[in-house]
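Quick note on labels: first sequence line is chain A, next is B, and so on, each numbered from 1.
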Amino acid sequence: MNAAIRRTGSHGRLATALAMLAVLQQAGDGTAQVLIHPTRLDLPQAGDIRPDPDRLRVSLPNGLAAYVVPDAKVPLVTISAFVGVGWADGEPGAAHALAAILRSRGAAGMEADLAVALRRMAADFRVVLGAEELEITLDVPTVDAPEAIALVARMLRSPAIDGTDVSTLALHSAGPPASATARGESGPVLYEGSIEAAVNVFDSRLLEGHPYSPRITAEAAAALTARHVRELHERFFRGGNIVLAVSGDIVRDEATRLLREAFAAFPGGRAPSRPRVQTLDPPEARVAHVHSVDKLQGWVVLGHALDPVSRADEAALLVMNYILGGGHFDARLFIEVRDKRGLANTAGGFPEWRRRGPGSYTLRTYGRPETIPLLIRILQAEAERIRSEPVSAEALRVAKGALRDGEFAMGFHDGASTARTFARERLHDGDHRASATFRERIDAVTTEDVRMAALRFLHPDRMRMVVIGPLDRIRQHSPIEGEPPMDAFGRIIEVRQ
Amino acid sequence: MRPATAAALPLLACVAAFMAVPPAPLSARQHTYSLGIEERVLDNGLRVLVLNRPGDPRVAAKIFTRMGALNEVPGELGAAHFLEHLMFKGTQTLGTTDWEAERPIRERIDETEAALIEEWNRARNELRERGVFHDYRHRESTPRLDSLRAELARLDREARRWRDHGAMMRWYQAFGGTRLTATTEQEYMKFDINLPVEHVELFFRVEADRMVNTIFREFDEERMILVEQRFGDLNRPTTPYYEALAALTGRISPVFWPEGYATDFDQYTRAYEESLYREFFIPNNTALVFVGGVELDGMVDLAERYFGWMERRPEPTRDRFTEPVPEAERRMIWRSTELAPRIDARYLIPGIGHPDRPHFDVLAEVAAEEVRAALNGAGIDARVDANFTVIHTSRFGVPGTLNVEVVPGGEEELARAEQVTLAALGRLGTNETSADRLAAAKKRLRAAWHRTARNADALAFEIGHYFTMDRWQTLEEHLNTRERSTAADVRRLAARYFVAENRTIGIVRRPERAAATQESGR
């Protein structure tokens with residue numbers, strides 16, 4: 001400080017002032033704002049908060065495993081059951097029907113009483129079906145935990161299949177076919193104002209006719225019987241194919257006792273073998289399904305199939321997508337469409353892979369009709385850019401920190417998330433090597449790994465597209481940055497109301 | 001079940017008092033909430049609120065400012081929300097590669113806009129015609145206005161040479177930040193982040209900078225994002241219906257106004273946004289809220305370091321309007337092919353801070369059950385919900401509404417469903433609610449609260465929201481007061497508020513032509 005003050009002249013005075021400011025900023029003595037760059041705050045490394053799953057696991061005699069994670073912040077207990085079955089298994093529609101039965105009727109013998117019981121317990125209850133997994137979750141006040149655990153066991157053991165119209169349930173649960181354009185808030189979600197509508201249509205188009213399609217045809221639903229649903233249940237609802245997660249205001253010994261009691265008569269048995277399913281051939285040419293809907297915006301989903309991703313490739317793919325379109329303010333897609341141009345509220349990339357069958361890698365956005373062709377062009381251009389240009393060291397650093405200390409860490413930030421993370425990992429992988437090595441795998445990703453992941457998993461030339469919006473207004477647009485019209489994408493299949 | 005071990009638990013643990021109570025019959029059990037929020041107020045008025053959860057590896061951190069849509073003026077609705085967006089555009093140190101080079105461009109932008117505003121006002125004063133419906137003349141322009149707008153666009157493009165996009169939030173992400181978001185509603189603006197506890201200092205560094213050094217970059221691009229968000233809202237068929245219903249429900253309070261009209265988005269200026277920013281983003285109008293594995297002393301030390309240099313400023317302008325007592329029932333028939341036929345009954349009620357407000361939570365639960373049972377008994381299959389939502393937020397510190405929503409199976413049931421619903425609500429004002437129904441209502445409220453409190457981000461939101469609506473202490477008082485709600489409270493409030501002149505009825509029906517078509521079977 002004294003050395004700085006001895007300087008003279010205007011430059012000297014400026015230098016002195018700057019030096020004093022720097023010292024004050026470093027000292028943080030309250031007389032000036034502290035504006036040290038975040039990278040120079042000397043923040044300590046975030047700790048690894050992943051606990052040891054072996055200490056949380058309870059094994060039952062019939063092959064069932066449970067992860068019990070006490071977390072007494074509030075007097076609630078959460079019980080989740082993850083079953084290795086999805087809509088890709090069994091007869092088309094059987095899993096959909098079973099999920100709908102569990103959701104609305106619960107266990108055999110209590111059909112009319114399920115809603116009453118849930119209300120009495122002030123429960124949060126959900127049944128979620130995916131292509132390869134079914135989840136049942138019941139969240140209740142502590143005092144109702146024994147009843148809730150017993151209820152989940154009963155639902156898993158004996159769902160109320162008899163006496164249900166499985167065909168109607170399956171069709172309703174699976175949702176309408178992609179070509180449906182019925183109106184109304186109670187109809188297909190095309191009118192819900194959400195990008196999810198376009199995503200649902202994309203998935204339906206991508207997987208049409210494939211076992212992994214989320215939809216079923218009317219013919220398949222009509223052919224579905226209660227026997228199909230029972231067979232699915234008998235085959236997949238076995239001890240070795242279910243993993244439980246219990247968390248909240250409960251102690252391990254008590255939880256173990258309740259689980260043993262509730263699942264004592266549950267059938268044992270290993271998970272049925274489920275071979276990998278045929279992947280999808282890339283389309284011969286690009287195709288776009290465009291749906292005419294009279295709304296103020298158009299929704300765009302651009303993408304292709306994504307085969308199961310190995311553990312060796314996972315980290316680089318996650319880092320690559322984080323930089324490209326990870327749903328945050330610093331992602332390339334976000335900056336290009338929103339920050340720089342004000343075209344859309346958001347844009348993102350979604351690599352969603354499965355264990356045995358095809359998933360999808362999609363780029364998504366939505367905006368005013370006149371911007372749709374430019375949005376399409378930007379999504380494509382950014383996909384090409386990340387394949388051809390190395391990412392910066394800073395971008396790599398940010399992505400790694402975000403994934404390692406952010407998204408991964410959130411999988412263990414409380415009891416419920418910890419129990420869920422381990423339960424699902426056990427169900428699908430049979431062990432916990434993936435979560436045990438995640439941080440080091442992320443840390444090991446290089447800029448070259450990112451580019452190779454982009455080359456391997458992102459294929460602009462194989463993309464198909466779904467656009468839902470006011471097609472006439474979209475087509476009327478004048479180029480904003482010389483972009484081609486929407487119809488130049490490829491073969492256009494149009495659906496009008 | 002875990003045995004009561006209250007003595008072993010820290011006093012601040014909100015569960016301690018509750019866990020000490022052994023299981024008891026539902027109706028006999030009363031609960032006490034002791035949230036354990038600690039407060040320190042700096043000399044400059046900045047408030048630091050901490051709910052310590054020992055051992056939590058992360059912390060939900062939020063900065064709340066008492067400023068929102070209530071501070072807007074007609075013609076510039078949405079300006080507060082726009083300010084929130086602009087506060088993501090960076091500062092002199094985050095978001096630019098060379099502030100000293102960028103600064104003179106920013107100064108010229110401000111000067112050019114000042115000239116634009118002058119010309120705008122001059123042109124408006126010469127316009128005498130004011131249209132209605134779609135006959136607006138807001139887009140009238142002059143050659144000078146066009147020239148000034150072009151100059152603004154040119155200067156903005158020039159300033160981009162030094163732009164570092166995404167820098168404002170980049171380091172939150174790099175250091176493990178998640179749930180990064182912001183919200184503006186009628187009474188507050190907040191910025192949120194969830195961080196590893198080791199990195200909480202980053203929150204202070206970023207938010208103190210954002211609070212006083214924001215530069216309004218990409219002004220016109222971000223204006224269009226507000227338009228996009230508005231379009232997203234309008235894409236939902238419920239939005240114009242709810243907004244029309246709100247406009248009928250309240251006459252004066254801005255809480256019943258929509259987020260913005262298409263004509264409003266054109267009116268925002270940097271000067272107006274700057275005026276809001278400078279008036280409201282001051283330490284004595286702000287609270288920092290933390291829920292997680294951090295302690296008060298540590299957060300106060302950091303607050304002193306990063307915010308302590310700020311000076312207390314004059315108290316911002318507060319809303320002065322008072323919603324008048326309604327004098328007659330309001331009814332609206334909304335014709336739609338996109339919405340299912342439904343009935344909405346809205347009743348004006350006091351806001352958060354009023355001593356009766358907690359009892360309305362219980363009344364709403366009881367009312368929903370009563371209406372559901374009555375409709376069942378009348379053979380009407382309907383979905384019933386009771387809530388407090390008014391357009392963009394679920395709860396207010398100024399007049400709110402208690403809403404009862406009934407969606408029957410079909411339009412032919414509407415008239416009867418309305419009659420049964422209103423009769424059921426009326427009975428609540430004369431008949432005593434049973435002990436079991438009261439206990440069940442409280443149990444649902446308790447469970448809902450615990451689900452909120454379990455989530456650090458949601459809990460931090462509640463603490464900050466109460467700070468902006470009334471006082472943060474009101475939160476605990478609210479929870480404990482409704483635990484003590486009696487059947488007499490329910491009856492008293494129903495008798496006073498569930499009356500015809502205090503209600504607004506919205507009914508959704510098919511368009512008349514569509515109804516006729518259906519009836520004729522064509």
Mind ranking [options] by heavy-atom pairs under 4.5 Å with chain A and telling me who comes out on top?
options: Gly177(B), Gly176(B), Ala448(B); value: Gly176(B)
options: Ala456(B), Ala447(B), Gly166(B), Ala208(B); value: Gly166(B)
options: His165(B), Met169(B), Arg444(B); value: His165(B)
options: Arg217(B), Met168(B), Arg205(B), Met224(B); value: Arg205(B)
options: His199(B), Gln229(B), Gln173(B); value: Gln173(B)

With a 4.5 angstrom heavy-atom cut-off, is it the side chain or the backbone of [X] that approaches chain A, or both, or neither?
X: Leu226(B); answer: neither
X: Val212(B); answer: side chain
X: Phe88(B); answer: side chain
X: Asp233(B); answer: neither

Smallest separation among heavy atoms of [X] and [Y], with atom names:
X: Ala344(A); Y: Ile225(B); result: O-CD1, 3.1 Å
X: Asn194(B); Y: Met410(A); result: OD1-SD, 3.9 Å
X: Asn235(B); Y: Leu296(A); result: OD1-N, 2.9 Å
X: Pro75(A); Y: His450(B); result: CG-CE1, 3.3 Å

Minimum side-chain heavy-atom gap [X]-[Y] below 4.5 Å:
X: Asn213(B); Y: Gln33(A); value: yes
X: His328(A); Y: Leu180(B); value: no
X: Pro141(A); Y: Lys443(B); value: yes
X: Asp405(A); Y: Glu198(B); value: no
X: Pro196(B); Y: Ile49(A); value: no
X: Arg163(B); Y: Asp339(A); value: yes

Side chain Asp330(A), main chain Ala167(B), donor-acceptor under 3.5 Å: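 Not at all, since once roles are kept as given, no pair shorter than 3.5 Å links the two residues.
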Donor-acceptor contact present, side-chain Glu228(B) to main-chain Arg368(A), <3.5 Å: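 Yes, because the side chain of Glu228(B) sits within donor-acceptor range (under 3.5 Å) of the backbone of Arg368(A).
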Ionic contact status for [Y] with [X], cut-off 4.0 Å:
X: Arg119(A); Y: Glu369(B); value: yes
X: Arg454(B); Y: Asp139(A); value: yes
X: Asp414(A); Y: Arg53(B); value: no
X: Glu222(B); Y: Lys340(A); value: no

For the pair His37(A) and Trp171(B), name the ring-plane relationship: parallel under 30°, tilted 30 to 60°, perpendicular over 60°.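 Ring orientation, 0 to 90° scale: perpendicular.
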Please indicate whether Glu311(B) has more than 12 foreign heavy atoms, meaning atoms of other residues, nucleotides or ligands, lying under 6.0 Å from its CD.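 No - once you tally the heavy atoms of other residues, nucleotides and ligands closer than 6.0 Å, there are 12 at most.
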Is it true that atom CG of Asp220(B) has more than 12 heavy atoms of other residues, nucleotides or ligands lying nearer than 6.0 Å?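 Enclosed: over 12 neighbouring heavy atoms sit under 6.0 Å from CG of Asp220(B).
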Can you tell which part of [X] gets under 4.5 Å to a heavy atom of chain B, answering side chain, backbone, both or neither?
X: Lys400(A); answer: neither
X: Asp144(A); answer: side chain
X: Tyr322(A); answer: side chain

With sequence neighbours left out, what residues match Arg160(B) under salt bridge (charged side-chain N to carboxylate O under 4.0 Å, His left out)?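 Residues passing salt bridge (charged side-chain N to carboxylate O under 4.0 Å, His left out) with Arg160(B): Asp156(B), Glu221(B).
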Would Arg170(B) and Glu394(A) satisfy salt bridge (charged side-chain N to carboxylate O under 4.0 Å, His left out), going step by step from the backbone distance to the final call? CA-CA 10 Å; Arg170(B) 178 177 306 144; Glu394(A) 183 173 278; 3.1 Å; yes
Which distance, rounded to the nearest 0.5 Å, do you find between the [atom1] of [X] and the [atom2] of [Y]?
X: Thr178(B); Y: His413(A); atom1: OG1; atom2: NE2; value: 8.0 Å
X: Arg58(B); Y: Phe412(A); atom1: CZ; atom2: CZ; value: 12.5 Å
X: Leu35(A); Y: Tyr306(B); atom1: CG; atom2: OH; value: 9.5 Å

Contact winner vs chain B - [options], heavy-atom pairs under 4.5 Å:
options: Gly367(A), Gly342(A), Ala409(A); value: Gly342(A)
options: Leu343(A), Thr78(A), Leu403(A); value: Leu343(A)
options: Asp124(A), Thr346(A), Asp253(A); value: Asp124(A)

Check the pair Arg179(B), Glu407(A) against salt bridge (charged side-chain N to carboxylate O under 4.0 Å, His left out), reporting the backbone distance first and the verdict last. CA-CA 10 Å; Arg179(B) 298 178 181 175; Glu407(A) 293 183 16; over 6 Å; no
